[in-house]
Novice: 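Okay, handing you the structure first.
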Amino acid sequence: MFERVVGQEGAKRTLGSMVESGNIPHTLLLTGPYGAGKGETALELARMLLCENGFASGCDACGACRRARLLEHPDLHVLFPFRRKPETNDGEWYEELQRHKQLLAGTAYSPVVYEKGRSIVKDIVNEAQERLLEGSLEGGRKVCVILGADRLNPTTGNRLLKILEEPPDGVHFILTAERVSSVLPTIVSRASVVRFRRLRVSEISCYLERFSDLTPQRRESCARLGEGSIKTAMAFAFERKEDVREKSFALYERAAEGGADAVVSGAAPFLWTRDLLEAEEVITGFALYTRSVLERKYGIDPGGGRSRKLESLARAADLSSLNRLSRRIEEGIEMLGRNVNIALIMTQLLYEIHDTYR
């Protein structure tokens with residue numbers, strides 16, 4: 001079971017027990033870091049539930065399995081953050097929606113990143129709601145996979161809640177989100193939560209070895225930079241994200257070692273940017289650097305170079321300050337999701353970094 005999913009033995013064992021016992025909850029919430037395999041697991045479980053031979057049969061080649069794997073099964077509904085349906089050009093909107101589904105179905109760990117401000121729009125929810133309340137088109141179960149359930153707003157969430165509260169026989173919801181706390185509490189209260197962990201460097205490296213021709217050194221480097229995420233590691237391998245990560249590290253070092261002017265100059269480029277994805281990548285770099293300093297303080301060599309710089313910063317900061325900085329950085333990422341001004345977030349974080357090493 002779940003052969004396409006890397007690692008995650010605990011989550012796969014929990015879900016496997018549900019499948020083998022036949023006791024699968026009507027609503028599952030898979031939570032954990034980006035790129036750790038939640039979406040891949042959700043879609044694979046959906047395929048098993050729709051299988052013509054029964055979800056515990058081990059089949060993956062019947063007509064229902066093939067259609068589900070391509071996201072073309074009429075009783076499989078996949079919801080994800082997407083732009084609002086325009087008043088005109090409905091055909092173009094629908095075609096774009098189908099292309100996105102094809103990307104999701106094309107390969108495991110597909111490089112899909114949803115912008116922070118994008119939500120699961122009511123047009124998609126309304127269509128799924130209507131079809132879930134109807135009879136199964138193939139006479140079996142109906143499954144609704146919601147990728148990014150934290151992007152359901154109160155309006156769309158409450159629409160689905162009506163079905164979640166009293167689900168019709170044979171209807172299953174499989175939701176994914178990075179954090180339980182980001183999902184509407186009314187939905188969480190009706191779901192069985194399965195947690196996913198960050199992937200190990202060795203697991204990511206093995207995946208890269210199977211699906212790329214990277215050199216061993218490059219695989220190891222990208223696996224470490226992935227921070228527990230195959231998708232992030234793949235982005236470093238093929239999208240040249242090193243430039244953004246290097247920019248993040250340089251900003252961090254200038255704020256930590258320089259004066260207040262270094263903070264001001266570091267935040268200045270973000271006054272005009274609207275690139276939430278790059279801002280998130282920079283802040284994620286801050287988090288990685290802080291963790292590396294903490295590891296160095298405990299006598300662990302995090303690798304990846306910068307040993308001398310990390311040693312210097314580890315001596316300059318105490319543990320309570322570093323832990324506080326880690327919390328502030330995490331809050332900064334959450335603020336991006338609430339569309340708080342990017343320049344304001346960066347300025348606050350750079351001042352936090354500056355103060356930590358004083």
Novice: Looking at Arg358, I want to see if its CZ is surrounded by more than 12 non-hydrogen atoms of other residues, nucleotides or ligands under 6.0 Å.
Specialist: yes

Novice: For Lys309 and Glu257, what are the C-alpha separation, side-chain angles and deciding distance, and is it a side chain to side chain contact (heavy atoms under 4.5 Å, CB included)?
Specialist: CA-CA 10 Å; Lys309 185 78 69 175; Glu257 299 177 324; 3.2 Å; yes

Novice: Could you list all the side-chain hydrogen bond (donor to acceptor under 3.5 Å, both in side chains) pairs where at least one residue sits in residues 14-27, not counting sequence neighbours?
Specialist: none

Novice: More than 12 heavy atoms of other residues, nucleotides or ligands under 6.0 Å from NZ of Lys122: yes or no?
Specialist: no

Novice: Is there a path of hydrophobic side-chain contacts, each under 4.5 Å between heavy atoms, that joins Leu133 and Ile187?
Specialist: yes

Novice: Between Lys297 and Glu311, is there a salt bridge with N-O shorter than 4.0 Å?
Specialist: no

Novice: What are the two closest non-hydrogen atoms of Cys222 and Leu208, and how far apart are they?
Specialist: CB-CD1, 4.1 Å

Novice: Calculate, to the nearest 0.5 Å, the distance between atoms CZ and CG belonging to Phe286 and Leu349 respectively.
Specialist: 6.5 Å

Novice: Residues in side chain to side chain donor-acceptor pair (under 3.5 Å) with Glu165, at least two apart?
Specialist: Arg190

Novice: Using ring centroids (six-membered ring only for Trp), state whether Tyr109 and Tyr207 fall under 6.0 Å.
Specialist: yes

Novice: Looking at Pro74, is its backbone amide N or carbonyl O close enough to the side chain of Arg131 to form a donor-acceptor pair, meaning the two atoms are under 3.5 Å apart?
Specialist: yes

Novice: Look at the side chain of Ser321 and the backbone N and O of Thr356, then say whether any donor-acceptor pair between them is shorter than 3.5 Å.
Specialist: no

Novice: Return the CG to CZ distance between Leu288 and Phe249, rounded to the nearest 0.5 Å.
Specialist: 4.0 Å

Novice: Would you say Leu70 and Leu103 are hydrophobically clustered, going by side-chain heavy atoms of ILVMFWY under 4.5 Å?
Specialist: no

Novice: So does Arg179 pair up with Glu330, basic N to acidic O under 4.0 Å?
Specialist: yes

Novice: Examine distances only and state if a side-chain atom of Glu220 and a backbone atom of Ser205 form a donor-acceptor pair shorter than 3.5 Å.
Specialist: no

Novice: Quick check for you: to the nearest 0.5 Å, what is the distance between Leu97 atom CG and Arg99 atom CZ?
Specialist: 10.0 Å

Novice: Test side chain to side chain contact (heavy atoms under 4.5 Å, CB included) on Leu294 and Ser326 and set out the steps.
Specialist: CA-CA 10 Å; Leu294 277 165; Ser326 295; 4.0 Å; yes

Novice: Is it the case that atom NZ in Lys162 sees more than 12 heavy atoms from other parts of the structure closer than 6.0 Å?
Specialist: no

Novice: For Ser320 and Asn323, which I'm curious about, is there any donor-acceptor pair between the side chains at under 3.5 Å?
Specialist: no

Novice: Does atom CG of Asp169 have more than 12 heavy-atom neighbours from other groups under 6.0 Å away?
Specialist: no

Novice: In plain terms, say whether Glu44 and Arg69 are close enough for a salt bridge, that is, a side-chain N and a carboxylate O under 4.0 Å apart.
Specialist: yes

Novice: Any side-chain to backbone donor/acceptor pair from Arg47 onto Cys65? Under 3.5 Å, distance only.
Specialist: no

Novice: At their closest point, which heavy atom of Arg324 faces which heavy atom of Glu352, and how far apart are they?
Specialist: NE-OE1, 4.3 Å

Novice: Under the salt bridge (charged side-chain N to carboxylate O under 4.0 Å, His left out) criterion, do Arg328 and Glu331 qualify, and how do the steps go?
Specialist: CA-CA 5 Å; Arg328 294 289 185 270; Glu331 290 168 4; 3.8 Å; yes

Novice: Spell out, yes or no, whether Tyr298 and Val201 are grouped together once hydrophobic residues are joined by side-chain heavy atoms under 4.5 Å, including indirect joins.
Specialist: no

Novice: Working to the nearest 0.5 angstrom, can you tell me the gap between Leu147 CG and Leu79 CG?
Specialist: 8.5 Å

Novice: How many angstroms lie between CG in Asp150 and CG in Leu29, if you round to the nearest 0.5 Å?
Specialist: 9.5 Å

Novice: Show, in sequence, the C-alpha distance, side-chain angles and deciding distance for Leu49 and Ile174, and conclude whether the side chain to side chain contact (heavy atoms under 4.5 Å, CB included) test is met.
Specialist: CA-CA 11 Å; Leu49 288 168; Ile174 309 172; 4.2 Å; yes

Novice: Restricting to non-hydrogen atoms, name the atom on Arg159 and the atom on Asn126 that form the minimum distance, rounded to 0.1 Å.
Specialist: NH1-OD1, 3.1 Å

Novice: Do any N or O atoms from the side chain of Lys142 and from the backbone of Leu132 form a donor-acceptor pair under 3.5 angstrom?
Specialist: yes

Novice: Restricting to non-hydrogen atoms, name the atom on Ile120 and the atom on Gly148 that form the minimum distance, rounded to 0.1 Å.
Specialist: CD1-O, 3.4 Å

Novice: Test your reading of the model: is there a side-chain donor-acceptor pair from Arg219 to the backbone of Leu214, 3.5 Å cut-off?
Specialist: yes

Novice: Please give me the minimum heavy-atom distance between Ala177 and Val183, naming the atom from each residue.
Specialist: CB-CG2, 3.6 Å

Novice: Can you tell me which residue among Arg200, Arg245, Arg291, Arg198 is in a salt bridge (Lys or Arg N to Asp or Glu O under 4.0 Å) with Glu227?
Specialist: Arg291

Novice: Minimum heavy-atom separation for Leu184 and Asn153, please, with both atom names.
Specialist: CD1-O, 3.7 Å

Novice: Val282 versus Met346: any side-chain heavy-atom pair under 4.5 Å?
Specialist: yes

Novice: What distance separates Thr290 OG1 from Tyr252 OH, expressed to the nearest 0.5 Å?
Specialist: 3.0 Å

Novice: Does the pair Val78 and Leu43 meet the rule for a side chain to side chain contact (heavy atoms under 4.5 Å, CB included), with working shown?
Specialist: CA-CA 9 Å; Val78 182; Leu43 294 175; 4.2 Å; yes

Novice: How far apart are the C-alpha atoms of Glu72 and Arg67, what are their side-chain angles, what is the distance that settles it, and do they pass the salt bridge (charged side-chain N to carboxylate O under 4.0 Å, His left out) test?
Specialist: CA-CA 5 Å; Glu72 295 175 353; Arg67 290 193 297 276; over 6 Å; no

Novice: Judged by atom type as modelled, is there a donor-acceptor pair below 3.5 Å linking the side chain of Gln8 to the main-chain atoms of Arg197?
Specialist: yes

